[in-house]
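First comes the structure, then the notes that go with it.
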Amino acid sequence: MRVRKKFSILMMDDSGRVRRFRMRTRLFILGLALCFVIFPITAALGVWFAYEFWTESRELKLINHELEQKYTQAHAKAERLGNLEVLLRKLNPVDAEQIMHNLAGARAVKNSNALAGDDPEPQTEPSGQDDASSAIVGKAITVVNNGRISMEKVVAKVAPGHKVRISLDLLNPDQKKTIAGKINCTFLSAKGQNIPLVISPEMSDFKINRMKRVVIVSTLPENVGTTNASIIVEVAMEGDETVYRNAFPILR
C-alpha cells in the first residue's frame with residue numbers, strides 16, 4: 001500500500017503553543033508556484049499603473065501651463081484695451097479718430113493678407129504682437145521688432161516697496177551664434193509721461209545662445225501711480241542698435 005506524503009507547517013507563538021497545519025504535496029507545490037507567479041504580476045501591474053498616472057499627470061501639467069499662458073495673454077490684452085480707452089478719452093477727437101483709423105487699417109491689411117495666403121514680412125512698425133499695444137502707446141513710442149531677437153512671456157507686476165517686477169524670456173532665433181545686448185525699461189504713465197528706470201547691469205545685460213529667463217526689479221519714481229501705466233521694454237545690441245521695443249501693461 002502506497003503512503004501519501006504530506007507536509008506539516010508548524011506555527012508557534014510566544015507562549016509555546018504550537019499549531020500544525022498539514023498539506024498535501026501537490027497543494028504545497030501549488031501554493032509555492034502561486035506565490036512566485038502572483039508577486040511578479042502584481043509588481044508589473046504596479047509599475048504599469050504608475051507609468052500611466054505619471055503620463056496623465058504630465059499631460060495635465062502641460063495643459064495647465066498652456067491655460068496659464070492664455071490667461072496671462074488675455075489679462076494683458078484686457079489691460080491694454082483698458083489703457084487704450086483711457087488714452088482715447090484724454091486725447092482730442094482728431095487724434096483719437098486718427099488712432100482708431102490707423103488701428104482699423106492695420107487690421108484690414110492683416111485680414112486681407114491672411115485671406116490671400118501671403119506670409120507677413122518682418123516689420124519695424126506696430127504689427128504682430130498686439131494691435132491694441134501699438135495703439136496704446138500711440139505717439140509715445142514706435143514698436144520695433146526686426147527679428148534678431150524674440151521675447152515671450154513678458155509680465156510686469158507691481159512689487160512691494162513701490163517697485164515693479166518684470167519677467168520675460170529672451171529667445172535667440174539664430175542658434176548658430178551667440179548674441180549679446182542690454183535691456184532698457186521705461187515707465188509710461190497713464191498721462192503719457194516717459195521715465196527711464198534704473199536697472200543694475202546684472203539684470204539688464206545678457207549674452208545668450210538659445211534662451212534666457214530674465215527677471216528685472218526696479219524702483220518706480222516717486223509720486224507716480226501705476227494705474228493704467230505701462231512698461232516700455234527695449235533691447236539694444238551692438239552699437240546701441242535697437243532691435244526690439246514694445247509696451248506692456250503693469251498688472252496689479
Practice task
List the atom of L220, the atom of F187, and the distance in Å for their closest heavy-atom pair.
Solution key: CD2-CD1, 3.7 Å
Exercise for the section: Treating Ile, Leu, Val, Met, Phe, Trp and Tyr as nodes and any side-chain heavy-atom pair under 4.5 angstrom as an edge, say whether I199 and V243 lie in one connected cluster. Expected result: yes
Exercise for the section: Ignoring hydrogens and angles, tell me if any N or O in the side chain of S204 forms a donor-acceptor pair with the backbone of N184 under 3.5 Å. Expected result: no
Exercise for the section: With sequence neighbours left out, write down each residue that passes side chain to side chain contact (heavy atoms under 4.5 Å, CB included) with L34, or none if nothing qualifies. Expected result: L30, I38
Exercise for the section: Look up atom CG in N194 and atom OG in S189, then write down how far apart they are to the nearest 0.5 Å. Expected result: 7.5 Å
Handout entry: Linked, directly or transitively: I216 and M237 (ILVMFWY side chains, under 4.5 Å)
Key = yes
Problem - Closest approach of R148 to P173 (non-hydrogen atoms, all atoms of both residues) - result: O-CD, 3.4 Å
Practice task
Look up atom CG in N145 and atom CG in N246, then write down how far apart they are to the nearest 0.5 Å.
Solution key: 8.0 Å
Exercise for the section: Please assess D13 against R19 for the test side-chain contact (heavy atoms from CB on, under 4.5 Å), listing each intermediate value before the final yes or no. Expected result: CA-CA 9 Å; D13 55 20; R19 294 182 181 181; 5.9 Å; no
Problem - Flag if over 12 foreign heavy atoms under 6.0 Å of NZ, K182 - result: no
Completion exercise
Note: T219 and L197 closest approach over all heavy atoms is O-CD2, 4.2 Å
Problem - Minimum side-chain heavy-atom gap V233-M151 below 4.5 Å - result: yes
Problem - CD1 on I231 to CG on L168, rounded to 0.5 Å - result: 11.5 Å
Handout entry: Side-chain donor or acceptor of N172 paired with backbone N/O of T178 under 3.5 Å
Key = no
Completion exercise
N209 and K177 have their tightest heavy-atom pair at OD1-O, 3.8 Å
Problem - Any donor-acceptor N/O pair, T55 side chain to Y51 backbone, under 3.5 Å - result: yes
Handout entry: Hydrophobic cluster identity match, V155 and V164, side-chain contacts under 4.5 Å
Key = no
Exercise for the section: Would you check if I149 and F206 make a side-chain contact, meaning some heavy-atom pair closer than 4.5 Å? Expected result: yes
Exercise for the section: Check whether W48 and F53 end up in the same hydrophobic cluster, where Ile, Leu, Val, Met, Phe, Trp and Tyr are linked by side-chain heavy atoms less than 4.5 Å apart. Expected result: yes
Completion exercise
Value for CD (E68) from NZ (K70), rounded to nearest 0.5 Å, stands at 12.5 Å
Problem - V144 vs E234 side-chain heavy atoms within contact, under 4.5 Å - result: no
Exercise for the section: Please examine the side chains of L170 and I183, heavy atoms only from C-beta on, and report whether any two atoms are closer than 4.5 Å. Expected result: yes
Problem - Within one Ile-Leu-Val-Met-Phe-Trp-Tyr cluster: F248 and V158, side-chain cutoff 4.5 Å - result: yes
Handout entry: Heavy atoms of other groups near R213 CZ, more than 12 under 6.0 Å
Key = yes
Problem - Nearest-0.5 Å distance that lies between atom OG in S57 and atom CG in L62 - result: 9.5 Å
Completion exercise
Distance col, row D169:CG vs K212:NZ, nearest 0.5 angstrom, shows 11.5 Å
